Amino acid sequence: MLWLLLLPLPLPALGVVEKTLGIAPYLVSKYVPSRSNTWTCLDGSQEIPWDYVNDDSCDCADGSDEPGTGACPNQSFYCQNEGHIGSFIPSSRVRDGLCEPNCCDGSDERPGVCNNVCQEVGQAYKTKVEEETKIRKTGSKIRSTYIAYAHKEKKRLEEVIETSTAQITAQEKEVARLRDIAERAESLSAAALEMKQQSPLYTSLITHSNALKSLQREHRKHLQREKELSNILDALRTGYNPNYQDMAVLEAVRGWEEIAGLPHINDVGKDSVSDEEAGVEEDTVSDVAQSKEEVDDEMWSAEELENDLDDLLNSDYISLLLEHDEYVQSPPEGSVLFDIASYLPDSVVPQYEEFKETILSLLVSFGIIKSETSSSTDTSRSRQVLTDAENELNKVKKDKENAENDLKEIFNIHGYGLEGEWKKLDGTCLRTENGDYTYEVCLFGEAKQIPNKGGSTFSLGKFASWNPSPDVKPGEEAYYQKQIYNRGTRCWNGPERNVVLLLSCGTENTLNSVVELEKCEYQFTGTTPALCRPLDSFEGRNGKKSNAGKDEL
């Protein structure tokens, strides 16, 4: 009896209901017939009978007469999706017999082909949005603390710059004063210093210094070569097939395990592996222990050679030479000639000093003793004071330069973000275990692959940039959702390792997954509150602001 309910409706009204199929809400008002029952194409190119609209035949040049069919190419069909969110699909998918996920109401197909599931889809979508909204709200609060930290850091750096500027001005004046003193002292003792530099002691010191520099250079070359060989042997040890029975490879692996004190690779992971099971002979252990006992206490350790040798090589040999001369020429302790002044009354000390200088001058003139002047010592001391002052000035300048550079990056969209939300995370290290390795990425620093059972740690690259895609603009949320780390350790017969870190909004800074997409090319995923922008300023994937309240279900 449904046809009885439709009797009061005029036939033209029934036609309008059908012909609005596939029309977006903002265009519905334009799909109304004229009084003469005609309709004008949206591009104004021609006027056609109203019956030609949605008749499955393309009549308008712009295809606007067929919004609800697939008759016109390169058009869009709008799904109303009541109970969910309306969406567009290509007109080529209309009435193709397939139910489109974006058309949960099934309006793209003839009645009865697709079920209307918008209520279920809408409810699931609403639940998902509520969960994401809750995470974003919590994350945005944490993000606000990051922004507050950036502003405090900005203020601190500005104070450092201001203080450093004042210190630099004062220190430059002091350096200029000390330089004048040192240059005047050097001009008086240049000839004496040149003579002292010809002494066997100074020549020997320079020779020893050159020899040490040469040994240091060779030592570092050997250390680098040893490191490279160790990496090769580690790779061979963990990658060879023990069932292959290649005696040369097996012998090489066994030899490396013995030298490095490593258990046999097949025994790794077994409880309480003995020296015999690990392939380490007792004689080898005792030899190593004995070699350690034979090291003289005065000999340098490997650590001292690595860390302290540079300081020794950077010694000021001229200052040492002058201090040596001062030490040699100083009178022995208890010398009556130089200590007698302490026994004299203060009133006669000036006469005694004058008499002493006269005697010394006579002894020098007769060649009995060498001239003893304090000019060389004064020169050394004045130069050292000047050097210390210059070092302090350079340190303050460096501190100011670092502060200025950090200040530029805090609110730089290419650096720590327009609001400085990433400054707090500079150097924050995230970790996750995956198989036999622990993967670590220190934000804005370096990514690493760390073996869980011993072996070499490999660099997977250092921070290079944010999202480099030309389709993403700096400052957009998508720009900060990707970090690039490259120029890591080169793979065996492969490229340098590199990492793409994909980040999303979360309430914690975490590293969730690691996938090796191709050889030595890794993709990390993680979460951070730094990406949880407030809901009223949330930017979608296209970088445009959206209002969550308008996505009504």
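Since this is a predicted model, take the numbers as computed values, not measurements.
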Heavy-atom side-chain contact between [X] and [Y] under 4.5 Å:
| X | Y | result |
| --- | --- | --- |
| N412 | K408 | no |
| C505 | I135 | yes |
| Q483 | W466 | yes |
| I410 | L157 | yes |
| Q523 | V499 | no |
| S459 | R497 | no |
| D436 | K453 | yes |

Can you confirm whether more than 12 heavy atoms, excluding those of E508, are under 6.0 Å from its CD atom? no
Any chance NZ of K152 has more than 12 other-residue heavy atoms, nucleotides or ligands included, within less than 6.0 Å?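 Check fails, neighbour count at 12 or below.
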For the side chain of [X] and the backbone of [Y], is there at least one donor-acceptor N/O pair under 3.5 Å apart?
| X | Y | result |
| --- | --- | --- |
| S469 | D471 | yes |
| T145 | I142 | yes |
| R136 | C532 | no |

Before giving the answer on side-chain hydrogen bond (donor to acceptor under 3.5 Å, both in side chains), spell out for Y480 and N467 the whole-Å C-alpha distance, their side-chain angles and the decisive distance to 0.1 Å. CA-CA 7 Å; Y480 301 109; N467 193 340; over 6 Å; no
Considering non-hydrogen atoms only, spot the tightest contact between [X] and [Y] and give its length.
| X | Y | answer |
| --- | --- | --- |
| R143 | P534 | NH1-CD, 3.9 Å |
| A150 | G420 | CB-O, 3.3 Å |
| A403 | I161 | CB-CG1, 3.8 Å |
| E419 | F411 | O-CE2, 3.3 Å |
| N509 | P529 | OD1-CD, 3.3 Å |
| S465 | P468 | OG-CB, 4.4 Å |

So Y522 and L517, side chain to side chain contact (heavy atoms under 4.5 Å, CB included) or not? Walk me through it. CA-CA 6 Å; Y522 299 85; L517 299 177; over 6 Å; no
Donor-acceptor list for residues 437-444 side chains, cut-off 3.5 Å, not counting sequence neighbours:
from : atom 1 : to   : atom 2 : distance (Å)
T438 : OG1    : N452 : OD1    : 2.7
Y439 : OH     : Q449 : NE2    : 3.0
E440 : OE2    : R431 : NE     : 2.8
E440 : OE2    : R431 : NH2    : 3.3

So how far is it from [X] [atom1] to [Y] [atom2], rounded to the nearest 0.5 Å?
| X | Y | atom1 | atom2 | answer |
| --- | --- | --- | --- | --- |
| F524 | L430 | CZ | CG | 10.0 Å |
| N512 | L502 | CG | CG | 11.0 Å |
| K397 | N402 | NZ | CG | 14.0 Å |
| I450 | S456 | CD1 | OG | 12.0 Å |
| L386 | D180 | CG | CG | 10.5 Å |

Can you list every salt bridge (charged side-chain N to carboxylate O under 4.0 Å, His left out) pair that touches residues 484-494, not counting sequence neighbours?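 Residue pairs with at least one partner in residues 484-494: R490-E496.
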Determine, stepwise, if the pair Y485 / N498 fulfils side chain to side chain contact (heavy atoms under 4.5 Å, CB included). CA-CA 6 Å; Y485 293 77; N498 61 79; over 6 Å; no
Just distance, no hydrogens or angles: give the donor-acceptor pairs under 3.5 Å from side chains in residues 168-175, sequence neighbours left out.
from : atom 1 : to   : atom 2 : distance (Å)
T169 : OG1    : T165 : O      : 3.1
Q171 : NE2    : A389 : O      : 3.1
E174 : OE1    : R177 : NE     : 3.3
E174 : OE2    : R177 : NH2    : 2.8

One pair to check against side chain to side chain contact (heavy atoms under 4.5 Å, CB included): E516 and E521. What are the steps and the verdict? CA-CA 6 Å; E516 187 172 7; E521 294 186 4; 5.9 Å; no
Tell me, please, which residues at least two apart from L503 pass side-chain contact (heavy atoms from CB on, under 4.5 Å).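 Expected list: W422, L501, T528, L531.
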Contacts of T163 that satisfy side-chain contact (heavy atoms from CB on, under 4.5 Å) - sequence neighbours left out: Q167
Assess whether side-chain hydrogen bond (donor to acceptor under 3.5 Å, both in side chains) is satisfied between Q384 and D388, documenting all intermediate values. CA-CA 6 Å; Q384 185 61 48; D388 292 342; 3.0 Å; yes
Starting from the C-alpha separation in whole Å, work towards a yes-or-no answer on side chain to side chain contact (heavy atoms under 4.5 Å, CB included) for N391 and K395. CA-CA 6 Å; N391 290 339; K395 179 180 179 299; over 6 Å; no
So among K154, K155, R156, which one has a salt bridge (charged side-chain N to carboxylate O under 4.0 Å, His left out) with E158?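 Among K154, K155, R156, the one meeting salt bridge (charged side-chain N to carboxylate O under 4.0 Å, His left out) with E158 is K154.
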Electrostatic pair K423:E409 at N-O distance under 4.0 angstrom: no
Would you kindly say whether S504 and T527 are connected by a side-chain donor-acceptor distance under 3.5 Å? no
Distance-only donor-acceptor pairs under 3.5 Å for side chains of residues 211-218, two or more places apart:
from : atom 1 : to   : atom 2 : distance (Å)
S214 : OG     : N210 : O      : 3.0
Q216 : NE2    : D310 : OD1    : 2.8

Cationic tip of K424 within the cone over Y146's six-membered ring, i.e. under 6.0 Å and within 45° of the normal?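 Output no; distance or angle outside limits.
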